[in-house]
2 protein chains.
Amino acid sequence: MSNSGSNLDRLRRNNLATVLRIVHRSRAASRAQITAATGLYRSTVAALVAELAALGLVVEGEPEATNRVGRPSPRVHPHPGVVALAVNPELDAVTIGVVGLGALVEHRVRHPVSSAVTPEDTVEIVRDVVQDLRGGPLADRRIAGIGAAVPGLVRAGDGLVRLAPHLGWTDAPIAQMLGDALGVPAMAENDASLGALAEHLFGVGRDVDDLVYLNGGASGIGGGVIAGGRPLRGVGGYAGEFGHNRPGVPDSAHRVSLTGSLEDEVSRARLLAVAGLEAADEPTLERALLESRDESVVAEELDRQRRILSTALSNAANVLNPSLIVLGGFLATLLASDPEKLAELVAEQTLPPTAEQLQLRAAELAEDRLLIGAAELVFAPLLGDPVLASRLAP
Amino acid sequence: MSNSGSNLDRLRRNNLATVLRIVHRSRAASRAQITAATGLYRSTVAALVAELAALGLVVEGEPEATNRVGRPSPRVHPHPGVVALAVNPELDAVTIGVVGLGALVEHRVRHPVSSAVTPEDTVEIVRDVVQDLRGGPLADRRIAGIGAAVPGLVRAGDGLVRLAPHLGWTDAPIAQMLGDALGVPAMAENDASLGALAEHLFGVGRDVDDLVYLNGGASGIGGGVIAGGRPLRGVGGYAGEFGHNRPGVPDSAHRVSLTGSLEDEVSRARLLAVAGLEAADEPTLERALLESRDESVVAEELDRQRRILSTALSNAANVLNPSLIVLGGFLATLLASDPEKLAELVAEQTLPPTAEQLQLRAAELAEDRLLIGAAELVFAPLLGDPVLASRLAP
DNA sequence: CGGAAATGTTGCGTCGGTGCACATATTAGC
DNA sequence: GCTAATATGTGCACCGACGCAACATTTCCG
């Protein structure tokens with residue numbers, strides 16, 4: 001039993017973790033704010049902050065110029081010297097980021113590739129890029145580890161990629177490989193789950209403890225769930241695969257695929273086709289669709305996809321009762337093309353009390369989302385027990 | 001911030017809670033077992049158990065006759081003097097139970113009703129029954145509170161029944177009413193969510209932290225989810241409404257309802273019809289169906305319902321990645337009528353790594369399930385902070 | 001410019017868990 | 001049967017974390 005906080009040592013570490021999490025999430029918090037948020041006494045917070053500073057995890061800075069009575073309280077910031085590496089292998093590129101505590105993306109390198117990368121390619125690219133960065137953004141930084149956001153099913157615990165159809169990976173021990181190559185702790189998780197986490201901690205879902213995140217990409221639809229303020233992982237870590245669900249399709253003429261799965265019915269390829277585009281990035285596709293949304297072919301396809309999506313979203317809402325559904329990629333475009341209609345369709349198929357509390361929103365963090373999520377994976381152990389920082393290489 | 005265990009007082013109460021939860025879940029644990037499970041020191045456990053005993057929550061008994069070396073360790077049991085009242089208003093009856101710590105159902109009263117009860121009826125019945133019990137099962141007991149398992153949407157926090165179509169209740173403050181009538185803390189929650197909790201803590205799902213529970217009753221299909229060892233509630237407490245989901249129905253001839261919702265397609269009424277029964281309890285229906293499952297009308301309807309159910313289960317599995325799906329009521333009959341077939345259909349539509357770890361099982365706790373779940377609701381505050389017991393009437 | 005308010009700083013008190021030393025109860029081996 | 005080994009209960013001294021009170025510091029306000 002990991003009875004967190006069972007003895008004095010755990011108690012201290014718990015409180016250190018609580019303080020560090022506050023600083024991490026807020027990026028800057030005065031000691032007075034920390035005192036209020038934790039309920040701990042002033043002197044205790046002072047001692048905890050001092051210990052975190054000694055661990056090299058936070059720095060105390062000048063007080064914020066607030067126009068209030070009383071002695072100003074020094075502001076506590078994440079220490080810029082601690083970073084996580086984040087990797088996102090995709091069909092067209094491998095993106096690598098350097099992310100500080102507080103989810104600050106300090107550096108991002110996009111390494112384009114012509115064809116799908118193998119796990120070996122990925123590790124090699126990462127090694128090369130990191131080598132280059134050692135002189136610059138990584139100089140004098142302590143690297144907490146490396147996290148990979150992978151478009152596929154990633155086993156919880158060891159970061160084994162069970163299946164990434166898009167990349168063509170099967171049972172690839174990507175975390176193990178990255179760890180061996182770089183000599184730092186390495187972990188991996190599904191990209192959409194990390195996107196959900198990032199939007200929850202630093203995006204549209206900041207103040208929301210129950211949300212569903214769905215992202216529409218070229219390869220399909222991925223998803224992640226935050227329930228009760230915590231990521232929903234399931235036994236194996238495979239939770240959130242909304243794309244493979246089969247929602248009801250009331251009008252059989254609307255069904256265009258054999259399986260009837262969400263990502264076969266609601267797909268970027270079909271939107272590109274009606275927009276008359278070969279390939280396009282998301283803003284281009286969105287613009288094209290919004291400009292031509294009155295043409296009947298476009299309008300009908302948007303409507304068809306919106307309807308099927310609405311059933312899938314209602315199914316999710318009935319089961320998870322979230323206060324927010326965050327849509328990314330081309331799903332955000334489906335929302336943008338007629339927000340009221342989508343909301344109306346969802347509300348129709350959702351139990352009224354659940355529908356009342358439900359909001360639909362587009363994602364917010366753009367290209368940093370997966371890097372932030374992957375970094376969060378790396379920081380998680382540290383945010384759970386800051387004393388681990390003493391083991392980081394200087 | 002409810003930073004559990006932030007100070008010394010919380011630390012103590014946390015540890016008390018941990019010990020009490022162990023005793024509650026196991027019904028009997030030796031002090032040595034508690035020591036091992038918590039990682040606390042022998043002397044600490046002794047002190048904690050002594051404090052729980054002083055609070056009237058546990059009793060120490062004779063050591064179990066184990067054939068091992070060493071001094072025998074006294075066994076710690078839940079104190080029989082602490083009970084919760086549990087209520088389950090249903091169409092045909094109001095059931096009231098007296099449940100002790102350790103989920104021991106000490107007494108059960110079924111009060112049949114001819115037509116659906118109102119909230120007022122329910123409270124009156126409960127008051128009368130409890131009055132009768134005061135001389136017997138409730139004599140010299142400390143009542144921790146009363147919990148209601150309601151077939152409908154119950155708002156988290158205040159136990160307001162937003163909607164119970166089956167009973168015809170709308171915005172009924174049942175928890176408030178029960179509390180006022182009995183003068184004890186009162187709370188309410190959806191029946192299936194409590195069923196899920198009960199099966200997780202004391203039923204088939206004992207050692208499982210991620211499970212989905214689906215119950216098929218006369219009025220429809222209710223559900224509950226345990227994710228990461230904790231009940232999934234959602235913002236409003238309405239999570240788990242699988243019955244209102246619309247699963248894909250590949251063969252349009254299989255679709256028989258307008259909405260296409262799970263509970264309209266997969267229903268007890270249609271099973272009764274093909275079995276040629278007017279009304280029947282669950283064992284009778286199950287026997288009738290299993291005996292006639294080779295007749296084509298019966299076989300076809302079983303097959304049709306099984307297929308649609310399988311899609312709904314797959315949808316749930318893809319999103320929640322549970323290790324167990326527990327089926328109750330007539331859904332257990334659908335499983336029993338051809339377990340391999342249902343498992344096969346689910347596996348087909350579920351992502352392979354998710355399907356690998358997934359098991360389908362029938363529910364286990366029978367008629368005690370909802371009473372145990374409702375009692376758990378009552379005991380929850382006590383199991384979170386045993387010191388609250390000092391406020392219970394003697 | 002002085003009082004009020006808010007917060008940092010310091011030292012001490014309280015209290016919870018640990019661990020040692022010893023007592024006790026059971027099994028295993030001869 | 002007796003003794004050794006083992007596991008656990010018991011009592012007490014120790015350590016360490018947080019709370020608190022008193023004092024110091026900084027700002028705002030009239």
Side-chain angles (χ1 to χ4, degrees), chain A residues 1-20 28-55 58-76 385-387, chain B residues 1-20 28-55 58-76 385-387:
Chain A
M1 171 168 299
S2 73
N3 182 10
S4 99
S6 65
N7 57 28
L8 284 182
D9 185 42
R10 281 260 177 76
L11 171 57
R12 192 86 211 274
R13 273 146 63 176
N14 257 346
N15 285 338
L16 283 172
T18 304
V19 172
L20 184 57
S30 70
R31 265 164 49 187
Q33 289 172 328
I34 296 172
T35 302
T38 56
L40 297 168
Y41 199 73
R42 296 203 294 265
S43 47
T44 306
V45 171
L48 292 171
V49 170
E51 186 165 345
L52 289 175
L55 285 165
V58 303
V59 286
E60 286 197 88
E62 289 303 297
E64 189 183 19
T66 164
N67 285 331
R68 291 198 331 215
V69 241
R71 178 174 176 172
S73 187
R75 275 156 53 104
V76 185
D385 183 4
V387 175
Chain B
M1 170 168 299
S2 74
N3 181 11
S4 98
S6 64
N7 58 29
L8 284 182
D9 185 42
R10 280 262 176 75
L11 170 57
R12 192 84 211 272
R13 273 145 62 175
N14 257 345
N15 285 339
L16 283 172
T18 304
V19 173
L20 183 58
S30 71
R31 260 157 59 181
Q33 289 172 327
I34 296 172
T35 302
T38 57
L40 296 168
Y41 200 75
R42 296 204 294 266
S43 40
T44 306
V45 171
L48 292 171
V49 170
E51 187 165 345
L52 289 175
L55 285 164
V58 304
V59 286
E60 287 197 87
E62 289 303 297
E64 188 183 21
T66 164
N67 285 330
R68 292 196 333 213
V69 252
R71 178 173 176 174
S73 188
R75 274 155 55 102
V76 186
D385 182 5
V387 174

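Below, chain A is the first sequence line, B the second, and so on; all start at residue 1. These figures come from a predicted structure and were not determined experimentally.
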Round to a whole Å and report the spacing from CZ of R31(A) to P of dT25(D). 15 Å
Tell me the interatomic distance from E64(A), atom CD, to dT27(D), atom P, rounded to whole angstroms. 14 Å
Within a strict 4.5 Å, meaning less than it, do heavy atoms of the V76(A) and V19(A) side chains meet? no
Toss me the dot-bracket line for DNA chain D: Watson-Crick and G-U wobble, both under 3.5 Å, 5' to 3', using | for pairs to another strand and [ ] for crossers. ||||||||||||||||||||||||||||||
Kindly state each residue pair satisfying salt bridge (Lys or Arg N to Asp or Glu O under 4.0 Å) with at least one member in residues 33-47 of chain B, sequence neighbours excluded. none
Return the value, rounded to whole Å, for the distance between atom CZ of R68(A) and atom C1' of dT7(C). 11 Å
Between R75(A) (CZ) and dA6(C) (P), how many Å, whole number? 20 Å
Would you say dG8(C) has OP1 or OP2 under 4.0 Å from some side-chain N or O of S73(A)? yes
In chain order, what residues pass the side-chain contact (heavy atoms from CB on, under 4.5 Å) check against A29(A), with sequence neighbours excluded? I22(A), S26(A), Q33(A), I34(A)
Rounded off to whole Å, could you give me the CD-to-P distance for the E62(B) and dA25(C) pair? 12 Å
Check salt bridge (charged side-chain N to carboxylate O under 4.0 Å, His left out) between R75(B) and all other residues, then give those that pass, not counting sequence neighbours. E64(B)
For a quick check of understanding: with a heavy-atom distance under 4.0 Å over all strands, which category does P63(B) fall into, base, sugar-phosphate or nothing? nothing
Partner set under side-chain contact (heavy atoms from CB on, under 4.5 Å) for P72(A), not counting sequence neighbours: P63(A)
List in chain and number order the residues that pass side-chain contact (heavy atoms from CB on, under 4.5 Å) with A32(B), two or more places apart in sequence or in another chain; answer none if no residue qualifies. S30(B), S73(B)
List the protein contact pattern of nucleotides 14-24 of chain D with one symbol per nucleotide (5' to 3'): B for base contact, S for sugar-phosphate-only contact, - for none; contact means a heavy-atom distance under 4.0 Å. --BBSSBBB-B
Applying salt bridge (charged side-chain N to carboxylate O under 4.0 Å, His left out), name anything that partners R12(B), two or more places apart in sequence or on another chain. E51(B)
Which residues share a side-chain hydrogen bond (donor to acceptor under 3.5 Å, both in side chains) with R13(A), sequence neighbours left out: D9(A), D385(A)
